[in-house]
Visitor: 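First, the structure itself, so that you have it in front of you.
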2 protein chains.
Amino acid sequence: MTHDQAASARIAAELRSRIIQGVLVPGTRIRQEEIAEEFGVSRLPIRETLRILESSGLVTLVASTGAWVSALDLDECREIYLMRERLEPLLLRMAMPSHTAESFIEFEASAQRVEAATSPGEFLERDHAFHRALMAGPTTIRLHDTVDHLWNLTHYYRRQLLAPNAVTRRSRREDIFAEHRMILRAVIDGDVESAEAMLALHIRHTRKLVELYPEIFTHSGAGVPRSSR
Amino acid sequence: MTHDQAASARIAAELRSRIIQGVLVPGTRIRQEEIAEEFGVSRLPIRETLRILESSGLVTLVASTGAWVSALDLDECREIYLMRERLEPLLLRMAMPSHTAESFIEFEASAQRVEAATSPGEFLERDHAFHRALMAGPTTIRLHDTVDHLWNLTHYYRRQLLAPNAVTRRSRREDIFAEHRMILRAVIDGDVESAEAMLALHIRHTRKLVELYPEIFTHSGAGVPRSSR
DNA sequence: ACTTGTCGGATTGGATCCAATGACGTGCGA
DNA sequence: TCGCACGTCATTGGATCCAATCCGACAAGT
């Protein structure tokens with residue numbers, strides 16, 4: 001079939017993936033023609049793609065000038081974490097009624113996979129999978145999208161936090177595992193209040209860690225337009 | 001100047017305004033050519049406009065088929081209210097440190113204007129202004145945008161709730177005023193915890209009211225594609 | 001030497017034109 | 001009379017072409 005979905009949406013998904021995986025570093029310029037050539041389409045769908053990414057905050061575009069991968073500063077990152085501290089517990093609460101005994105087994109396995117991760121990339125991937133599994137509910141599309149969106153916005157910096165510095169990785173690693181187990185325990189017990197509180201604390205701890213390493217927000221490129229949305 | 005901002009963004013803002021003001025009813029189809037002709041531009045910027053509105057959930061577009069103003073059902077509306085119950089108190093908390101004595105005076109005046117509103121449209125307008133004023137902070141762009149977005153998504157239904165039925169309007173009116181005053185009192189006292197709790201309760205009460213009148217979600221148009229995001 | 005004005009290339013924004021897909025209506029057959 | 005298939009038509013999706021804007025370099029003047 002010629003287009004199982006619109007080209008703009010498909011390319012937007014691909015670019016989003018590159019941005020959150022750090023292939024496209026915040027601050028780098030995006031030239032329409034370059035992307036168009038790579039995907040073998042005209043510039044037109046690319047323009048639509050950039051509008052989509054802009055309205056979700058991943059790309060900052062200046063009229064008649066160009067598009068850049070949005071960069072966050074520490075305050076914005078903190079703000080996003082604060083939002084996650086409020087929203088993810090809510091999402092977890094709404095997902096919990098639909099969990100079953102089979103879900104719990106899968107959650108345990110997922111938590112095990114996080115602990116068995118050997119590389120930062122693997123860890124990030126599996127950690128995200130664990131959180132997504134816990135909060136996967138049938139009837140919360142918008143909330144789920146919002147949470148996913150917030151996660152995407154900070155994914156690059158989370159990776160920065162883990163990748164270069166073995167110290168931050170070591171010190172926090174065991175804490176994260178313990179927190180995961182406590183969240184999982186509360187979920188299995190059906191204790192909504194504990195699960196919410198523990199998940200909020202989990203995110204809060206990560207935020208505190210981010211605030212300890214503000215140097216990950218110093219992008220070398222000086223002329224990077226800041227995000228406007 | 002030929003374009004102080006991009007045409008797609010300008011038209012997106014206009015259409016958004018029409019949707020939240022109820023000029024464009026949820027479920028109505030949007031034909032690109034029609035809009036293009038009205039604004040005196042080609043279909044191209046309209047396409048970008050629709051992508052923008054889609055990614056913010058106001059418009060649902062089906063590949064090669066068309067675009068419709070997104071319609072909510074009761075569950076989605078409840079979900080959005082639950083998100084607001086979590087996020088708006090956070091935004092209020094973050095805004096409070098920047099408030100001054102002059103702000104307080106303006107808040108009082110704004111609350112008075114809400115109570116003096118004579119028509120449903122006026123009431124909605126002033127109520128929104130009051131909430132926005134309370135939560136206007138300098139350093140919370142993304143949170144503010146998210147809250148504003150959630151507000152937009154339910155604006156039409158809030159209007160529906162007030163407009164036709166004098167009973168719901170009467171019964172809740174005094175409660176709303178009282179809650180506004182209690183929130184304002186807490187804000188002026190600098191009591192963050194009370195302000196957060198009271199605002200959450202305020203939103204919760206409105207949600208409960210919405211849940212009492214599910215008939216506002218019965219859109220006559222049968223073939224309306226549901227929102228996917 | 002530094003600032004300022006101007007010119008040129010590169011890049012984005014928009015309009016028109018063409019192809020492809022989905023929907024609706026009609027006609028044929030059971 | 002009802003159901004299915006086919007053909008036409010309206011509408012969307014994409015490509016190419018043209019105009020407007022912005023950035024950088026070069027040159028001239030102070």
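Values below: every heavy atom of this structure, side chains too, minus hydrogens, waters and symmetry copies.
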Visitor: Across the strands shown, which category fits Ile30(B) at heavy-atom distances under 4.0 angstrom: base, sugar-phosphate, nothing?
Guide: sugar-phosphate
Visitor: Restricting to pairs with a member in residues 83-102 of chain B, which pass ring-ring contact (aromatic ring centres under 6.0 Å, His included), not counting sequence neighbours?
Guide: His99(B)-Phe107(B)
Visitor: From dA15(C), dC22(D), dG14(D), pick the nucleotide closest to the side chain of Glu48(A)?
Guide: dG14(D)
Visitor: Examine His131(A) together with His202(A) and report whether their ring centres are nearer than 6.0 Å.
Guide: yes
Visitor: Between dT11(D), dC22(D), dG14(C), which nucleotide gets closest to the side-chain atoms of Arg31(B)?
Guide: dT11(D)
Visitor: Once hydrogens and angles are ignored, does a donor-acceptor distance under 3.5 Å link the base of dG14(C) to the side chain of Arg47(A)?
Guide: yes
Visitor: So which nucleotide from dC22(D), dG22(C), dG14(C) ends up closest to the side chain of Ser64(A)?
Guide: dC22(D)
Visitor: In whole Å, what is the span from the CZ atom of Arg29(A) to the P atom of dG24(D)?
Guide: 9 Å
Visitor: Taking CD from Gln32(A) and P from dA20(D), how many angstroms apart are they, rounded to a whole number?
Guide: 18 Å
Visitor: Side chains of Arg51(A) and Ser8(B): donor-acceptor distance under 3.5 Å anywhere?
Guide: yes
Visitor: To the nearest Å, how far apart are Leu50(B) CG and dG14(D) P?
Guide: 13 Å
Visitor: Which nucleotide wins on minimum distance to the side chain of Leu44(A), given the candidates dG13(D), dG14(C), dG14(D)?
Guide: dG14(D)
Visitor: Among dT16(C), dG13(D), dT12(C), which nucleotide sits nearest the side chain of Ser42(B)?
Guide: dT16(C)
Visitor: For Thr65(A) and for Arg43(A), locate the closest nucleotide of DNA chain D by heavy-atom distance; then report the residue assigned to the nucleotide nearer the 5' terminus.
Guide: Arg43(A)
Visitor: Classify the side-chain pair Ser55(A)/Ser56(B) by whether it contains a donor and acceptor separated by less than 3.5 Å.
Guide: no
